[in-house]
Amino acid sequence: MKIKAVNGFKDILPDDALRRQHIEQTARDIFARFGMQEIRTPILEKTELFARSIGEATDIVEKEMYTFVDKGITMRPEATASILRAFIEHGLHVRQPVHRLYTIGPMFRHERPQKGRLRQFHQMDVEVIGANEPQVDAELMAMGQMLLDTLGVTVSLEINSLGCPACRPGFRDKLMAYLNQHKESLCPDCRRRMNVNPLRTLDCKNRNCKDLVQDAPSILDSLCNDCRDHFVSVKQTLDLLGVAYRVNRFMVRGLDYYTRTTFEFITDALGAQAAVGAGGRYDGLLRQLNGPDLPGIGFALGMERLVLLMEQQEDATPPKPTTDLFVAVLGEKAAEHASILVHRLRKLGLTAAMDYSGRSLKAQMKQAGRLNSRFTLIIGEDELACNEGVLRDMNTQEQSKFSLSLPMDEQAQHMTALLSA
RNA sequence: GUGAGCGUAGCUCAGCUGGUGGUAGCACCGGGUUGUGGCCUCGGAGGUCGUGGGUUCAAGUCCCAUCGCUCACCCCA
């Protein structure tokens, strides 16, 4: 019986890793333009951290966490809680009023895997702590959009406001009243949701519920003055920045800590997993974690979902890595010469490779082609005899002489000059 | 936790109503080119048909079980 990877956990093979490197590099570059600094936190945290931040009654905490029950620690199901914990633990707020942080790494949730959803998945997560201005909300969305545009994926941005502790309870009551009137027509799931988290009935996929909820009271009509002003400013700033969006009053979030602005980058190209990225404001969460009373906002992008989208949009295939020089050798003396030269070239910063197995020249040429090498240096008996290697341009097929009689350092210098010309 | 579908070569897959596992494609190795890749051509290697039972003269094919995977529900990035 072969040992295979654990269900929901995936190997990232070289081609896939290459694409992810490109995504991460692009992200880091764009995040930096927005003043984001990287932070890295441990993958394991006290279970209590997630219970208190994400919410005891959420599916994530209730049944999806990988928890070492005997140790009271859990593999992080998301990044925000860990970042806030680190922020509070190290008292970062005393250094400067606003922190802009990001992290990239694996998260773990014990869900049934399906397309675009794994048990170990990877997120790029951004958090701005200490700023409550609506311009920051818009700026974050603009940044996310910029990244997705740069990566060549097409998504649409949907935004909503969930209000705050001052106005959400009022809305919740109004919604409950409406739902109770139509209880009979709701799907079983929604009847259950009414007790757990009535807002979730708003984004039920059941056709009946969808129709029913169209006439439900809108949260946007229930916002308090501060929340309404905030939401208006967010929209105005998005307009100013030229970021397209659609207000979706039915969009809600699964995590308890969200307040005011929430948003999702969605696509219809990923089957059931519509959200490529999502986030929102979480004013009050830091205080709830016994930290300073600072506002925060953040969002996460799902790496696997991004990869799937980019694979569908073939144009974004990353170019194969190239090798500057492959040295094909015949005989031990040639191999010895080549191994020294290859090492010198690598020291000088070139990508160089050779074959050690003594295979036929044809096989070595084939290998050079596989490695996408720009040039191949051939050293055989004849070349050793006259101290002149054959340097072949793999694209033009032109071949020229390369002197093997100079001191190795000079040969390496010479080769570097030839290849960079 | 619930439902459906699928497990044949490293990968993608043929295999009709049971009758000897495919000249299949990609990839790999070798020859055609006494020492020159990509294209072409010829050849080669590679499989306990997921596993275990059952029906049958005969099972990749039918039945049962089991394991694995996938998709969907739930929920979420």
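Just so it is clear: chains get the letters A, B, ... in the order the sequence lines come, proteins before strands, and each one is counted from 1.
G18(B) and U66(B) have their P atoms separated by 26 Å, with the value rounded to a whole Å. Taking the C1' atoms as reference points, U70(B) lies 38 Å from C57(B), given to the whole Å. Across C75(B) and C62(B), the matching P atoms stand 37 Å from one another, rounded to whole Å. Spacing between U56(B) and G15(B) at atom P, rounded to whole Å, works out to 28 Å. Taking atom P in both G68(B) and C63(B), the straight-line distance is 22 Å, to the nearest Å. The separation of C49(B) from G21(B), taken at their C1' atoms, amounts to 7 Å, rounded to a whole angstrom. Comparing U23(B) with G19(B), their C1' atoms are spaced 22 Å from each other, to the whole Å.
For the pair Q364(A) and M303(A), both in contact range of RNA chain B, the more 5′-proximal nearest nucleotide belongs to Q364(A).
OP1 or OP2 of U70(B) sits under 4.0 Å from a side-chain N or O of N7(A). At C29(B), one or more side-chain N or O atoms of R370(A) fall inside 4.0 Å of OP1 or OP2 (strictly under the cut-off). Contact annotation: K366(A) side-chain N/O to U36(B) OP1/OP2 distance is not under 4.0 Å.
The closest donor-acceptor contact from the side chain of R119(A) to the backbone of P113(A) lies at 3.5 Å or more, if one exists at all. Using modelled atom types, no side-chain atom of R281(A) and backbone atom of T261(A) make a donor-acceptor pair closer than 3.5 Å. Between the R305(A) side chain and the G116(A) main chain, a donor and an acceptor come within less than 3.5 Å of each other. No donor-acceptor pair closer than 3.5 Å links the side chain of E398(A) to the backbone N or O of D393(A). With hydrogens and angles disregarded, a donor-acceptor distance shorter than 3.5 Å links the side chain of R374(A) to the backbone of L419(A).
A donor-acceptor contact under 3.5 Å is formed by the side chain of R392(A) with the base of G37(B). Side-chain N/O atoms of R117(A) and base N/O atoms of C71(B) include no donor-acceptor pair closer than 3.5 Å. Checked by distance alone, Q397(A) brings a side-chain donor or acceptor within 3.5 Å of a matching partner on the base of G38(B). Between the base of U36(B) and the side chain of Q399(A) there is a donor-acceptor pair shorter than 3.5 Å.
Separating the CZ atom of F50(A) from the C1' atom of C76(B) is a distance of 16 Å, rounded to the nearest angstrom. For the pair F263(A) CZ and C76(B) P, the interatomic distance rounds to 16 Å; values are reported in whole Å. For the pair K320(A) NZ and A27(B) P, the computed distance is 11 Å after rounding to whole Å. Regarding K115(A), its NZ atom lies at a distance of 17 Å from the C1' atom of A4(B), rounded to whole Å. Rounded to whole Å, the distance from NZ on K63(A) to C1' on C73(B) is 11 Å. Rounded to an integer number of Å, the gap from CG of D355(A) to P of G37(B) is 15 Å. Atom P of nucleotide A77(B) and atom CG of L148(A) are separated by 15 Å, given to the nearest angstrom. Rounded to an integer number of Å, the gap from F402(A) CZ to U36(B) P is 22 Å.
Using modelled atom types, one finds no donor on one side chain facing an acceptor on the other under 3.5 Å when comparing Q25(A) with D29(A). At a cut-off of 3.5 Å, with distance as the only test, a side-chain donor of T74(A) or T47(A) sits close to an acceptor on the other residue.
Base pairing analysis places U36(B) opposite nothing; no Watson-Crick or G-U wobble pair with both distances below 3.5 Å involves it. U17(B) is unpaired under the Watson-Crick or G-U wobble criterion, no partner having all donor-acceptor distances under 3.5 Å. Across all strands shown, C69(B) pairs with G5(B); the Watson-Crick or G-U wobble distances both stay below 3.5 Å. Of the nucleotides present, none pairs with U61(B) by Watson-Crick or G-U wobble criteria with both distances under 3.5 Å. Nucleotide C49(B) forms a pair with no other nucleotide shown, judged by Watson-Crick or G-U wobble geometry with both contacts under 3.5 Å. Base pairing annotation: A27(B) forms no Watson-Crick or G-U wobble pair, as no partner gives both donor-acceptor distances under 3.5 Å.
The side chain of Q114(A) lies closest to C74(B), out of A77(B), C74(B), U36(B). In the set U2(B), G37(B), A77(B), A77(B) carries the atom at the smallest distance from any side-chain atom of A300(A). Counting only heavy atoms from C-beta on, K10(A) has its side chain closest to U70(B) among G37(B), A77(B), U70(B). Checked against A77(B), A72(B), C75(B), the side chain of R253(A) finds its nearest nucleotide in A77(B). The side chain of R109(A) sits closest to A77(B) out of G37(B), U70(B), A77(B). Comparing A77(B), G30(B), A72(B) by their closest approach to the side chain of E304(A) singles out A77(B).
The aromatic rings of F402(A) and H414(A) sit parallel, their planes meeting at an angle under 30°, below the 60° perpendicular limit. Ring geometry, H182(A) versus Y178(A): the interplanar angle falls from 30° to 60°, so the pair is classed tilted.
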Contacts under 3.5 Å, N or O only, protein and nucleotides 31-35 of chain B:
{"from": "G32(B)", "atom 1": "N7", "to": "K362(A)", "atom 2": "NZ", "distance (Å)": "3.4"}
{"from": "G32(B)", "atom 1": "O6", "to": "K362(A)", "atom 2": "NZ", "distance (Å)": "3.4"}
{"from": "G35(B)", "atom 1": "O6", "to": "D382(A)", "atom 2": "N", "distance (Å)": "2.9"}
{"from": "G35(B)", "atom 1": "O6", "to": "D382(A)", "atom 2": "OD1", "distance (Å)": "3.0"}
{"from": "G35(B)", "atom 1": "O6", "to": "D382(A)", "atom 2": "OD2", "distance (Å)": "2.5"}
{"from": "G35(B)", "atom 1": "O6", "to": "E383(A)", "atom 2": "OE1", "distance (Å)": "3.4"}
{"from": "G35(B)", "atom 1": "N1", "to": "E383(A)", "atom 2": "OE1", "distance (Å)": "2.7"}
{"from": "G35(B)", "atom 1": "N1", "to": "E383(A)", "atom 2": "OE2", "distance (Å)": "2.9"}
{"from": "G35(B)", "atom 1": "N2", "to": "E383(A)", "atom 2": "OE2", "distance (Å)": "2.9"}

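Taking every heavy atom of both residues into account, G35(A) and R100(A) meet most closely at O-CB, 3.5 Å.
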